[in-house]
Structures are given as C-alpha cells and as structure tokens.
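In listed order, ligands and their atoms are each counted from 1.
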Amino acid sequence: MITMKDIVREGHPILNHSAKDVSIPPTEQDIETLKKMIQFIKNSQDEKIAEEYELRAGVGLAAPQIGLSKRMIAVHFEDFNNQLYSDGYFNPKIVSHSVEFTYLSSGEGCLSVDREVAGYVPRYARITVSAINLAGEHVKLRLRGYAAIVFQHEIDHLNGVMFYDRINKQEPFLIPEHAKACDVD
Ligand SMILES: O=C(O)C[C@@H](Cc1ccccc1)[C@H](O)SCc1ccccc1
Ligand code: NI
C-alpha cells in the first residue's frame with residue numbers, strides 16, 4: 001500500500017527530470033505499480049482510510065512522485081459535470097490542444113509540495129491525450145475543464161515540470177490571454 005512516506009517531495013531530482021517510456025506491453029510489475037497508484041488516490045479520498053494512514057487527498061499521481069522515473073499516471077476524480085475519471089495510463093501524450101487556456105481560481109497544489117504556492121496555473125482549456133490504459137487498450141481522451149487540468153498536472157510530472165513553474169513570477173494572478181477560469185460560472 002502506498003502511503004505519504006512513499007511520496008517524493010520537491011527538491012528530489014526525479015521531479016525535475018523527464019521520465020522514461022514504459023515498454024509496451026507493460027510488465028506485470030508495472031501493471032501492479034499502476035494499480036497501487038490508483039488505490040492510493042482512492043484511499044486518499046476515503047475519510048476513514050485517509051485519517052488512519054494520514055493520507056493527503058489527491059485526484060492524481062504520477063510515477064516519479066513515488067520515485068519511479070516511468071511515464072505512468074493514475075487518476076481518480078469526478079469533473080464538474082460529475083463524470084468519473086478513474087484509470088491508470090501508460091505513456092500518456094498530449095497530441096493536440098486548444099489555443100484557449102483555463103486555470104483553477106483556487107490555484108493548484110501538489111502531493112510532492114508541502115507548502116502553499118499562490119497564483120494561477122495556465123493550462124490548455126482542451127486537450128487530446130493518447131495513452132494505453134490499465135486494461136492495455138490504446139485510448140484517445142478528449143478532455144476539457146477540470147479533467148484537462150488534472151491530466152496536464154500529471155503529465156507535467158512526467159516531464160519534470162511542477163505546477164509552480166507555470167505561475168507568472170512577476171504577476172502570479174495575471175490572467176493569461178484567451179483564458180477563462182474553469183471553476184467559476
Ligand atoms: O500532486 C499531484 O500530482 C496530485 C495533485 C493533482 C492536482 C493538483 C491540482 C489540480 C489538479 C490536480 C493533487 O490532487 S493536489 C490535491 C488536490 C486534491 C483535490 C483536488 C485538487 C487537488
Ligand atoms: Ni503534483
């Protein structure tokens with residue numbers, strides 16, 4: 001079972017390097033690891049388990065965050081239309097994106113960052129992601145809004161990019177051009 005002691009924190013070089021492609025078909029070990037990553041996120045959202053194991057709530061996790069330089073991510077969350085996203089992905093790749101940007105008006109956090117970092121994180125408003133899911137299927141995901149933000153946050157981890165790298169240093173709350181907040185009507 002993955003717990004917070006397994007989560008690598010900022011300052012560890014693995015978080016600032018690109019991760020390596022997972023060989024396809026994935027090994028049993030890679031599949032097992034991805035299943036554990038999904039379970040960690042589900043556990044982190046379960047009040048009793050999270051309290052018992054002192055887990056910080058999360059909606060996504062990337063393999064570098066557990067010290068594995070492999071292009072694997074796991075997500076478990078509902079978007080603002082209550083659509084459930086719950087799966088693991090090998091070698092996810094953003095194959096196209098919108099010109100428009102979006103951002104969370106509350107900013108972002110990270111399980112690998114034990115501090116608040118204020119500011120808007122500009123993300124593409126819509127992305128198309130190709131990946132291989134936990135079941136071994138080649139999938140093409142067309143994502144927008146909150147789902148697009150979560151997937152971009154996790155895929156950034158595979159490229160050694162932290163959310164605060166994207167915050168405007170001079171004007172953290174500068175609203176990017178062609179941007180609309182994702183969580184306010
Ligand atoms: O560190 C991670 O990769 C997990 C992040 C992913 C994330 C952060 C901000 C915006 C979208 C995705 C954690 O989920 S941070 C904690 C959290 C918990 C619930 C909702 C949003 C963020
Ligand atoms: Ni993160």
key: Side-chain donor or acceptor of Ser112 paired with backbone N/O of Val8 under 3.5 Å   = yes
Identity and distance of the protein heavy atom lying nearest atom 4 (C) of ligand 1 = Gly60 O, 3.1 Å
query = Checking Asn91 side chain against Val22 main chain: does a donor-acceptor pair fall under 3.5 Å?
reply = yes
task = Would you mind listing every ring-ring contact (aromatic ring centres under 6.0 Å, His included) that reaches into residues 7-52, with sequence neighbours excluded?
result = none
message = Taking salt bridge (Lys or Arg N to Asp or Glu O under 4.0 Å) as the definition, give me every residue that meets it alongside Arg126, ordered by chain and number, with sequence neighbours left out.
response = Glu100
query = Do Glu108 and Arg123 meet the salt-bridge criterion of a basic N to acidic O distance under 4.0 Å?
reply = yes
request  = Could you pull out the N/O/S protein atoms under 2.8 Å of the Ni ion (ligand 2), ignoring any water?
outcome  = Cys110 SG, His153 NE2, His157 NE2
Pairs of donor and acceptor atoms involving the side chains of residues 50-59, under 3.5 Å and at least two apart or interchain, shall be tabulated with distances.
unit_1 : atom_1 : unit_2 : atom_2 : d
Arg56  : NH1    : Cys110 : O      : 2.8
Arg56  : NH1    : Val113 : O      : 3.3
Arg56  : NH2    : Cys110 : O      : 3.2

Protein contact of atom 11 (C) of ligand 1 - nearest heavy atom, named by residue and atom, plus distance = Val150 CG2, 3.9 Å
ask   = Between Asn159 and Arg71, is any side-chain donor less than 3.5 angstrom from a side-chain acceptor?
value = yes
ask   = How close does the nearest protein non-hydrogen atom get to atom 8 (C) of ligand 1, and which residue and atom is it?
value = Gly109 O, 3.2 Å
request  = Give a yes/no verdict on whether any heavy atom in Tyr146 is under 4.0 Å from an atom of ligand 1.
outcome  = yes
inquiry  = Checking the side chain of Ser98 only, and the main-chain atoms of Ala125 only, is there a donor and an acceptor separated by less than 3.5 Å?
reply    = yes
Protein residue, atom and distance nearest to atom 1 (O) of ligand 1, heavy-atom basis = Leu111 N, 2.8 Å
ask   = What protein heavy atom is closest to atom 14 (O) of ligand 1, reported as residue, atom name and distance in Å?
value = Val59 N, 2.9 Å
request  = Would you check whether Glu108 has a nitrogen or oxygen atom less than 3.5 angstrom from a nitrogen or oxygen atom of ligand 1?
outcome  = no
query = Is there a heavy atom of Ala57 sitting under 4.0 angstrom from any atom of ligand 1?
reply = yes
query = Does NZ in Lys48 sit with more than 12 non-hydrogen atoms of other residues, nucleotides or ligands closer than 6.0 Å?
reply = no
request  = Mark yes when over 12 heavy atoms from residues, nucleotides or ligands other than Phe101 sit less than 6.0 Å from its CZ; otherwise mark no.
outcome  = yes
remark   = When distances are taken from atom 3 (O) of ligand 1, the protein heavy atom at minimum range is Glu154 OE2, 2.8 Å
key: Min N/O separation Gln65 to ligand 1 under 3.5 Å   = yes
task = Given side chain to side chain donor-acceptor pair (under 3.5 Å), test Thr27 with Asp30 step by step and report yes or no.
result = CA-CA 5 Å; Thr27 63; Asp30 287 338; 3.3 Å; yes
